[in-house]
Structures are given as C-alpha cells and as structure tokens.
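Contents: one structure, followed by commentary.
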Amino acid sequence: MEVTALNPLAMPANSFISDVSVTDIGGSDAALSGDIDHGDELVHDVMESGTARVTTSDNGPARLGFPVYGEGRIVSVVCIDGRIPDDVVADPVGVFEVWQPIGIYEEVALVSGNYGKMERFQNVSQFVRFEKGNGLPGQVWSQRRAQIHDDLSNHPGFLRAAGASADLLQSAIGIPVADDALRSVVVLISSKSTPIARSMEVFSVDGDQFQLTSSAYWDVEDGFQLPAETIVEADPGVLGMTLQRRGACVVDDVSAASFGRKVDPASPCPSSGLAIPFFEGATISSVALLLF
C-alpha cells in the first residue's frame, strides 16, 4: 500500500483546507480486509465502513474522509483536513457534509457534517431531505458524477440558498461515493472569505480526452479559467496521472496542477491539486479536480 501526502500544502493563506492526503489501496487483499494498519484512524474507519466520514475534535481540525471505488472495490481513500483558527484567520468558514440514502424512498439525509459556528445553516441542513435528482446531493446521486454549484445564493438548484447567503457561502461541490449503488454523497461548501480551493472543476472523460462540465474559481487570473465544455488532452499533468494511477492522486507542482495552461508566475495560480476519478465498470467516466 502506498501513501502519498501533500504536507505542507501550497495554499493561499486564507484557505479553509490545511492538508490533503491520498491512501492508495492498490490490489492488496490485506488492505481491503482491514488487516493492514493504515496509521490513520480516519482511513481505517473509511475502509471498515466503505463510506464517507466527518470527524471533529476540540483540539484538532475537522476532517473529511471518503473512499474512491473502481471496479467494485476501494482503490483510494481521500482525507481532507479543515483549518484550525490561527493568527491569519480567526474563524475559518467552510462546510464538510456526508449525505446517505435513507428509508424506502429515494431520498438522502445528512448523517455527519462540520459547520463551525454556522448554527443556522447546520440546523436547516439537519432537517432537509433531498429526493434523487433534487438539490446538490440529489443531483449527484442521479447523475453519478461530481457536480459544482457556484453563486449559491442565486443558484436555482441549491435549495439551501437563504442559509448559504446568510453565512457568505459561495460555491459547493458534491462528490459521489458509489460502487454498484450509491453509498453516500460528500459535499464541500466554500465561503468567500476562506475558500476551499482556488479552482474546482469537473471533467467527463472520453478515452484520453477530458471535457469540462462544471467549474468555480477564486482569485485566479482569467487566463487560467477554462470556458465551459473545454476539451483537454490527457498529458503528464494531474489529469493524465489520474488515468495512469486509476485512483485519486495529489500533486504539489505548478506544471502538474495547471496541465498545459499558461501560468503567469507573478499572478495567483494553483500550485497543488487533488484529482478524484469516478468509474463506470473498468472505465473512468469523470474526474473531479480541486486545485489549491
């Protein structure tokens, strides 16, 4: 089993995320059965449960962990750590959520999350149910791929817009955790003041080509931003690495994170990233990309 981690991350000073790691499960039967000591309790919990988890503690950061499935088994475990208040950001604002199917109807409900001091948004979320196809979690469920909602206070598909506006939440990405059936939907919600990533992008995959299906950007030059439906060829960058590794991957290199985009060193631009693949059978059908 290979463990790859970005530590420390090359992130903006005000980022909500403090650390990202990927545990590469590979083909080890011991790893799949839980007999390997993963060294990280969250990774172990995700492997045992087969679904996403959010953990919180009084002294440490909120942590989100979720598995990536390929061909009916877990191929990677992704762990994302929130930011602890510090001298730069006294109150980081961001949200981790896990939604799971419940009952006999096609609905998902919140099973765990971290909201910091956003009690109103948390209270609303605890009592919401999303039918398959409705709201961000329901859309992720029905389409079986990651979805991005930007400008949340005005987005017709984000059904908690009033709460998002009150807490200055700007953009959200929903990520499916699924093998033959949906196990959960992971939602990360980013604020204007402490963004989760500089860039969030979702691509559909056709052979060696990637087509952008949704995106959101913060504090990056216009030249870095891709227009909708842009087609990108696989290359040695983070998208090409995802195809080669056939699992989630992290990079801490400007050229790999930009994968062919022209980067002005004098302008803000991502210099590290996390790519999360989604499979249909043996084929990678789409990739969600978070660039920091």
Hey, are the side chains of [X] and [Y] touching, using non-hydrogen atoms and a 4.5 Å cut-off?
X	Y	answer
Phe210	Leu243	yes
Val78	Val68	yes
Arg198	Leu291	no
Val186	Trp99	no
Cys79	Phe66	no
Val95	Leu188	no
Lys132	Glu107	no
Ile173	Gln147	no

Step by step, work out the side chain to side chain donor-acceptor pair (under 3.5 Å) result for Arg160 and Ser125. CA-CA 8 Å; Arg160 295 174 287 166; Ser125 301; 2.6 Å; yes
Minimum heavy-atom separation for [X] to [Y], with atom names?
X	Y	answer
Phe259	Leu289	CE2-CD2, 3.4 Å
Gly72	Asp179	CA-CB, 4.4 Å
Gly281	Glu71	O-CG, 3.3 Å
Pro67	Ala52	CD-N, 4.0 Å
Ile196	Ser190	N-OG, 2.7 Å
Ala172	Leu136	CB-CD2, 3.7 Å

Can you measure from [atom1] ([X]) to [atom2] ([Y]) and round to the nearest 0.5 angstrom?
X	Y	atom1	atom2	answer
Ile74	Thr23	CD1	OG1	11.0 Å
Ser214	Ile148	OG	CD1	4.0 Å
Met241	Asp235	CE	CG	10.5 Å
Asp206	Phe203	CG	CZ	14.5 Å
Ile175	Leu290	CD1	CG	6.0 Å
Leu226	Ser199	CG	OG	7.5 Å

Kindly say whether [Y] contributes a backbone atom to a donor-acceptor pair with the side chain of [X] at under 3.5 angstrom?
X	Y	answer
Thr283	Ser285	no
Asn123	Glu119	yes
Thr242	Val238	yes
Ser191	Leu169	no
Asn114	Thr56	no
Ser18	Gly82	yes

Salt-bridged, Asp40 to Arg63, with N to O below 4.0 Å?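 Looking at Asp40 and Arg63, the cut-off is met.
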Carboxylate-amine/guanidinium contact Glu201 Arg261, below 4.0 Å: yes
Decide whether Asp253 and Ser255 meet the rule of one side-chain donor and one side-chain acceptor closer than 3.5 Å. yes
Within 45 degrees of the axis of the six-membered ring of Tyr69 and under 6.0 Å from its centre: does Arg73 put its NZ or CZ there? no
Counting the benzene-type ring for Trp, do Phe16 and Phe96 have ring centres under 6.0 Å apart?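 Between Phe16 and Phe96, the centre distance is under 6.0 Å.
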Take Ser286 and Ser204 through the side chain to side chain donor-acceptor pair (under 3.5 Å) test and state the conclusion after the steps. CA-CA 4 Å; Ser286 58; Ser204 61; over 6 Å; no
As a quick check of understanding, evaluate salt bridge (charged side-chain N to carboxylate O under 4.0 Å, His left out) for Arg53 and Glu97, giving each step before the final call. CA-CA 9 Å; Arg53 290 281 188 264; Glu97 294 180 327; over 6 Å; no
side-chain contact (heavy atoms from CB on, under 4.5 Å) involving Asp150 - partner list, sequence neighbours excluded: Gln170, Ser171, Ala216
Assign the ring pair Phe158 / Phe121 to parallel, tilted or perpendicular, where the plane angle (0 to 90°) is split at 30° and 60°.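 Answer is parallel, since the angle falls under 30°.
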With the 4.5 Å side-chain cut-off for hydrophobic clustering, are Val20 and Val89 part of the same group? no
